[in-house]
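In what follows, chains are A, B, ... by sequence order, proteins preceding strands, each numbered from 1.
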There are 2 protein chains.
Amino acid sequence: MKKNRATIHDIALKLNITASTVSRALNDNPRISDATKKKVLKVAKQINYQPNHIASALRSGKSKLIGVIVPTANRNFFSSVIRGIEELANSLNYKVIISQSYDDFDKEVQTVEALLNARVDGIIASIAKTTENVDHFQKIIEKGIPLVLFDRITNLLEVSQVVIDDHYGAYQTVDHLIKNGCKRIVHFSSNPRINIYHERKRGYEDALKDNGIEVDPKLITFSNLQLEDGRRIMQEIIDSKIDFDGVFSSSDYSIMGALQVLKENGYKVPEQVKIAGFGNEPFTSFTEPPITTVDQKSIPMGKITAESFFELLNAGSSSPVAKKTILKPELIIRKSSINNS
Amino acid sequence: MKKNRATIHDIALKLNITASTVSRALNDNPRISDATKKKVLKVAKQINYQPNHIASALRSGKSKLIGVIVPTANRNFFSSVIRGIEELANSLNYKVIISQSYDDFDKEVQTVEALLNARVDGIIASIAKTTENVDHFQKIIEKGIPLVLFDRITNLLEVSQVVIDDHYGAYQTVDHLIKNGCKRIVHFSSNPRINIYHERKRGYEDALKDNGIEVDPKLITFSNLQLEDGRRIMQEIIDSKIDFDGVFSSSDYSIMGALQVLKENGYKVPEQVKIAGFGNEPFTSFTEPPITTVDQKSIPMGKITAESFFELLNAGSSSPVAKKTILKPELIIRKSSINNS
DNA sequence: TTGAAAGCGCTAACAC
DNA sequence: GTGTTAGCGCTTTCAA
């Protein structure tokens, strides 16, 4: 258990200069001569100096830490976005703290507080499904700390946000289903307070209308969109003898459940019922038949989210640019939604 | 942009006491009277005091941060373990920094360094597939910082580790396949330097031997165990006309790929070929047929890993207890491996 | 181009 | 029980 970690003072001592000079040399301050910098770097390596970020954070007020809050890192979409954020952040010498809200409002509030206490330099977040108000996010803004939201956003907040065009994604998908013969399309939606579900539902409705099909409220269901929800709802619809020939879900998980139940009840997919999900989770390509879905462009989203974040960070308090970026999602057509040739 | 964050001095001033007293009160020090504590807490709330963890970390040398390194948070197993760790850690007022190595050796080394510089109080890790040496982990130990490894471990290091009994899991699975009629079982393995793949291969071999079946090296393949690897290898085996009637993979991803290729080539699963994976990824229950697999007990593993970690942390430099915990995995039998009744 | 000095906010001996 | 004092390791004016 060695406690004798090297400090800038040790370097200073060895070179007969002061700690300030060492600090400046280490930070590549232009006012330090190249000769000194070289010597400092050399000794630093030699005595295995490791900078103490804690001390520098305390003094400078900059922790070089970014907090990222996601509902769950477990989902392909979120983990891809995180990777995009990490890549840019790391290249700029920032570290990323990933926190999961587990889609729980209280946990989200706690997490925000914890990150603030850890003195992160900024926060990037995707809002939990159960979040009821955004006071905790408002607090971040009030403190002058950069905040960027992605995917699950809110328009109650004046912040930079990055989303895909959910309306467009849903519209394309439903239009595609109709073009392949569907007339009675069930829609699995969720909490309409959450932008993405609201937009996808709008896209669904608009595609129907534009194709001269009336929106039937009996075909629209609301749930948490988990696999079990998909199973339950699909079974209920089958049992209720409601007429349908297509299903468009706002989530790949619930469409997976629906597919299982359809097959269990002897429905042929896509011959009798055509289905499509949203999210392009890897498993949608594994199923039988593979499921048509919408890719959310997670990699560019991560990149752009991080870029917006650093823009904000560098702007400082000067111009509070609340920029909204909208990416075009991509419809991935697979067997579950097309007529056999 | 308000910079006027409240400090313990502000509280002290209001109450005509000193900062030390406030600090002690806030930390529930037993030498402070209840009356004082109450007053302090009240004022703290009133002026919206938020403790500065950075300052406290610098002074005390304890950051209350735990670094967790996983290959990818994207996998169900790892995210469950993380959740288990987070739960205990948070209840003890520790924060968790999740870092992903993306199974890349260099990234892992960098990550360790970054966490060390962030002055985490300890590190919990699962080693990357490509890791060639463990010097970076050795460094952690030498600094006297608690280190616990889980799942992907190494016996080159004298540290606490938590694993499942991979040999047992594989043995049970292969024994099950044999009991259901398999005689020529293909095995998908990976880098044998990694304990889990080595152990699973041993379990496979021992189960064969104990059932009087000779181990045929031609049936054992090595790869990265991704879906594509499973596809490629399965196709190669089919093309090579090697005789086989079962496949046991060390990963659910590659068995998924194998299943696809088997079906594409007209093989009936489980009638002609019985298959089983490892990991109990959610999608294994979605497939057609659902895939027999081994559950890795992620939840208990997270809990126990965290417990071992805090044991170590609390032991301090006193007794360097390198405890090894071995959990029993559970064989999940599904249609892919059993004879139709 | 470098040094001196102060201090970020907190904790922890030691004193009383 | 509470106060005094010093300092964790670094950055940053101000001065030279």
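Within the 4.0 angstrom heavy-atom criterion, base atoms lie near B:T18. Within 4.0 Å (heavy atoms only), A:I54 reaches no atom of the nucleic acid at all.
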Grab the N/O contacts between the protein and nucleotides 12-16 of chain C below 3.5 Å, and write none if there aren't any.
residue : atom : partner : partner atom : Å
C:dA12  : N6   : B:S20   : OG           : 3.2
C:dA13  : N6   : B:R24   : NH1          : 3.2

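A distance of 9.5 Å separates CD in B:Q138 from CD1 in B:I140, rounded to the nearest 0.5 Å.
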Under 3.5 Å, side-chain donor or acceptor atoms of residues 44-59 of chain B against the rest of the protein: list the pairs with distances, not counting sequence neighbours.
residue : atom : partner : partner atom : Å
B:Q50   : NE2  : A:N117  : OD1          : 3.0
B:N52   : OD1  : B:I54   : N            : 2.9
B:N52   : OD1  : B:A55   : N            : 3.1

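Of the residues in residues 111-122 of chain A, none has a non-hydrogen atom less than 4.0 angstrom from any atom of DNA chain C. Against DNA chain D, the stretch residues 33-43 of chain A makes no heavy-atom approach under 4.0 Å.
Residues forming a side-chain hydrogen bond (donor to acceptor under 3.5 Å, both in side chains) with A:N195 (at least two apart in sequence, or on another chain): none. Residues satisfying the ring pair (Phe, Tyr, Trp, His ring centres under 6.0 Å) test with A:F77, not counting sequence neighbours, are none. Evaluation of the side-chain contact (heavy atoms from CB on, under 4.5 Å) rule for A:P71 yields A:F78, A:S101, A:D103, A:S126, A:R152 as partners, not counting sequence neighbours. With sequence neighbours excluded, the residues satisfying side-chain contact (heavy atoms from CB on, under 4.5 Å) with A:T36 are A:I17, A:T21, A:I32, A:S33, A:V40. Residues meeting the salt bridge (charged side-chain N to carboxylate O under 4.0 Å, His left out) test with B:K38, sequence neighbours left out: none. Applying the ring pair (Phe, Tyr, Trp, His ring centres under 6.0 Å) test to A:Y102 and every residue at least two apart in sequence or in another chain returns nothing. With sequence neighbours left out, A:R83 forms a salt bridge (charged side-chain N to carboxylate O under 4.0 Å, His left out) with A:E87.
Rounded to whole Å, atom P of D:dC10 lies 8 Å from atom NE2 of A:H9. Whole-Å rounding puts the A:I8 CD1 to D:dG9 C1' distance at 6 Å. Going from atom OH of B:Y49 over to atom P of C:dG9 covers 10 Å, rounded to whole Å. Atom CD1 of B:I47 is separated from atom C1' of C:dG9 by 13 Å (rounded to the nearest Å). Here the P atom of nucleotide D:dG9 and the CG atom of A:D10 are 9 Å apart, to the nearest Å. Regarding B:K62, its NZ atom lies at a distance of 13 Å from the P atom of D:dG9, rounded to whole Å. Rounded to whole Å, the distance from CG on B:N27 to C1' on C:dC10 is 9 Å. C:dC10 atom P lies 14 Å from atom CG of B:L13, rounded to whole Å.
Checking side-chain atoms of A:T130 against main-chain N and O of A:F105 turns up a donor-acceptor pair under 3.5 Å. Put simply, the side chain of B:R193 never gets that close to the backbone of B:T154: no donor and acceptor are under 3.5 Å apart.
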Show, in sequence, the C-alpha distance, side-chain angles and deciding distance for B:S63 and B:D121, and conclude whether the side chain to side chain donor-acceptor pair (under 3.5 Å) test is met. CA-CA 6 Å; B:S63 65; B:D121 288 345; 3.3 Å; yes
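In the helix from C:dT1-D:dA16 to C:dC16-D:dG1, the end axes, each obtained as the rotation axis mapping the C1' atoms of four pairs onto the next four within a five-pair block, lie 30° apart to the nearest 10 degrees.
Proximity of A:N52 to the phosphate of D:dC8: no side-chain N or O atom is located under 4.0 Å from OP1 or OP2.
Nearest heavy atom pair, residue A:L116 against residue A:K143, reads CG-CD, 4.4 Å. Contact between A:A89 and A:V96 at its shortest, heavy atoms only, is CB-CG2, 3.8 Å.
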